[in-house]
Amino acid sequence: MTIYADRACFASLYDATPKLLLVGSPGSAISTESNDGFRWVAAHRDCEGRIVLASASRQLVSMSELLPLQVPPANVWAVWVPAVDDLDVVESLMRWWAAEGGEATLPVLVHGDRATLDRVLLARSLDEGNRLARANQRLLCDIAALRESFENHVRIPHEIEELLENLRLAPLRHVFTSPPPNDNISVPMYEPMDRRLGEGTSIRQRLPMSARGFAGLDLHIAHPGLGEGLLCLDLIARDEGLTLATWRTSFQKLRPGLLPLRVARAMAQHWHSLELHIAAEGVGDPPRLAMGSAGLLPEYSLIPAIDADLPPEPSMLAMRLWGGLPGVVTGTRSGASALRVPPSEPVIPIDEFSIAGVRLTREIKASYPCFGHLGGTKVLLRPLPNKVSAAAISLQAISHLGAVSCSVAVDEKRCQTRRLGARLVVMPPGCGPDEAERGEGALAASEWVELDDPLEARMLKARLPEPHQGPLDLHLFTRLPKGGAIQHVRMVFQNFEAEIRDHAIDGMSILLPCGEEE
């Protein structure tokens, strides 16, 4: 047996609106409809003996407008049979309903007048109201139990607490470095001394970083200037016109090189557009700031003061930007030790171009891959029996280098060998692997680290006794334990970082915003 539906109301048969099914021809229930929140659907036999469902207010439909039904309509509250002549239609409809949807889905049958139907609907409405009230009460009890569980029973796992603590103690992270300087620009002087830095009286430099997590920058001073003047720097949130930080320092404290500007806490504001305004006040020759090509970032070109000479090409100030966990003390204040925050030692990731130039310094003969750059910052160096494997990475000069670190682990899950050894040694350029392994003339070296769990990454760190300025070589070593199996031992170095001695860069101490010095 097949039940059909008018194409115009087919989709509405399965929405969430409560429905009343009237057994009778379409149009006969128009007078019975009211604004009661129900959708009225009529069921009748057409001239060819088919049972058809259509809108109760719609006239008879043609065969071309019918669609067969395979699933009974949804959310039908009652089937109303006002006329005895339609009992055969009801019986056929209910048999089809039970066969296609199951006995539990059968709606209530109502025989009689409209008053009888209203009483049935009223009883159903009261039952629905009681059901919703009980469901709401259970929901409130569940919410109360969940809240009580969160307050008294749920604890943050120790691993997450330890991770958060490590993040709060982490050093500043390098965010951006401008291209090498190829020119310089004079800082404009302005009067009177209490005048606010304006758009026409200062150098303006947009920063390729948002305020959230901003911890400071290093600004390259090409010439420190002469006289009794002050260098004035304001950090502005362009989208709000707010001054987030103000730095002031005398010309006498400046030196050629990087001027470290820091904030006491990494910023937590969400301003998206930062701009640095720079000018000088007082008497004398103002400092000159190094600048380089803006390259592929013309939107970050510096804007000179009015009447100043424009650079021949889009240029930006030579600088480094630093970031940190928002709201965390950077360790630059004298009272930072009371907060158990270590001195700030910013870190810079070693660039992938340098790592890609890794070279083997001891020959390896094997029929399987034992060495190579794996892309990104990953370097494969497999150990061999009775021989320490060695490779080296050449680095250009990193100003005020204090330490070099990387991680090492096995990236093959089938590895079962324990106590695999790895070491990192920092050497002057041109030294061989034998000298580096013995530590002769080494600038710094880590201890041999043994991997008790091969898949768990271990950190290698070589700390230099004094800040280093020139180029250097990083020597990597791996070894097998005595009697250890070589199968699946794919040792990978990655996450190479350089730590900067930040407390006094180029003879200039860290400068904090006005009002935050201690």
Atom pair [atom1]/[atom2] of [X] and [Y] - distance to nearest 0.5 Å:
X	Y	atom1	atom2	result
L381	T478	CG	OG1	4.0 Å
E412	H488	CD	NE2	6.0 Å
I143	E148	CD1	CD	14.5 Å
S407	F496	OG	CZ	8.0 Å
C232	M189	SG	CE	9.0 Å
F493	T377	CZ	OG1	12.5 Å

Checking the side chain of [X] only, and the main-chain atoms of [Y] only, is there a donor and an acceptor separated by less than 3.5 Å?
X	Y	value
R173	G324	no
R423	E437	yes
T361	A392	no
Y300	S315	no
S202	R204	no
H223	L226	no
T246	C514	no

Exercise: identify the closest heavy-atom pair between [X] and [Y]:
X	Y	value
R479	V388	CB-CG2, 4.1 Å
P385	I486	CD-CD1, 3.7 Å
V425	A442	CG1-CB, 4.0 Å
P349	H174	CD-CB, 3.9 Å
V358	A391	CG2-CB, 4.1 Å
A498	I398	CB-CD1, 3.8 Å

Go through the steps to decide whether D234 and R248 satisfy the test salt bridge (charged side-chain N to carboxylate O under 4.0 Å, His left out), and finish with yes or no. CA-CA 9 Å; D234 288 348; R248 299 288 187 268; 3.3 Å; yes
Contact check, side chains of [X] and [Y], non-hydrogen atoms, under 4.5 Å:
X	Y	answer
V263	L512	no
I364	S389	yes
D473	C431	no
M491	P383	yes
L219	L289	yes
L274	I236	no
S12	T17	no
D285	F251	no

Taking atom types as modelled, find out whether S273 and D239 have a side-chain donor-acceptor pair closer than 3.5 angstrom. no
Which word best sums up how the rings of H475 and F477 line up, parallel for under 30°, tilted for 30 to 60°, or perpendicular for over 60°?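 Parallel: the ring planes of H475 and F477 meet at under 30°.
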Who pairs with [X] by side-chain hydrogen bond (donor to acceptor under 3.5 Å, both in side chains), at least two apart in sequence or on another chain?
X	answer
D351	S354
R458	none
E228	Q252
N75	W77

Taking salt bridge (Lys or Arg N to Asp or Glu O under 4.0 Å) as the cut-off, I'd like each qualifying pair that reaches into residues 400-411, sequence neighbours left out, listed once. D411-R490
Residues forming a salt bridge (Lys or Arg N to Asp or Glu O under 4.0 Å) with [X], sequence neighbours excluded:
X	answer
R418	none
D434	R362
K461	E499
E440	R438

Check step by step if side-chain contact (heavy atoms from CB on, under 4.5 Å) holds for L67 and F10. CA-CA 8 Å; L67 294 174; F10 182 84; 3.9 Å; yes
If you apply the rule side-chain contact (heavy atoms from CB on, under 4.5 Å), what do you find for I350 with L474, and how did you get there? CA-CA 11 Å; I350 295 176; L474 301 184; 3.9 Å; yes
Check this for me: [X], atom [atom1], are more than 12 non-hydrogen atoms of other residues, nucleotides or ligands nearer than 6.0 Å?
X	atom1	result
L296	CG	no
R359	CZ	yes
E456	CD	no
E466	CD	no
F353	CZ	no

With a 4.0 Å cut-off, would you call R206 and E275 a salt bridge?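 Here R206 does not pair with E275 in a salt bridge, since their nearest N and O are not under 4.0 Å apart.
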Electrostatic pair D218-R262, nearest N-O below 4.0 angstrom: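 Between R262 and D218 there is a salt bridge, with a charged N closer than 4.0 Å to a carboxylate O.
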Can you name the side chain to side chain contact (heavy atoms under 4.5 Å, CB included) partners of H220, sequence neighbours left out?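 Testing H220 for side chain to side chain contact (heavy atoms under 4.5 Å, CB included), a comparison that skips the adjacent residues, returns L258, A290, A318.
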Name all residues meeting the side chain to side chain contact (heavy atoms under 4.5 Å, CB included) criterion together with T249; count only those two or more places apart in sequence or in a different chain, and write none if there are none.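 Side chain to side chain contact (heavy atoms under 4.5 Å, CB included) list for T249, sorted by chain: L231, K253, L254, L511.
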Show the numbers, then the answer: is there a side-chain contact (heavy atoms from CB on, under 4.5 Å) between L476 and L460? CA-CA 10 Å; L476 312 177; L460 301 176; over 6 Å; no
Full working for side-chain contact (heavy atoms from CB on, under 4.5 Å) between V404 and L424: CA-CA 9 Å; V404 179; L424 172 68; 4.2 Å; yes
With side-chain hydrogen bond (donor to acceptor under 3.5 Å, both in side chains) as the rule and sequence neighbours excluded, what pairs involving residues 378-388 come up?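 Listed by first then second residue: nothing to list.
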R238 charged N/C atom sitting above W271 aromatic ring, 6.0 Å / 45°: no
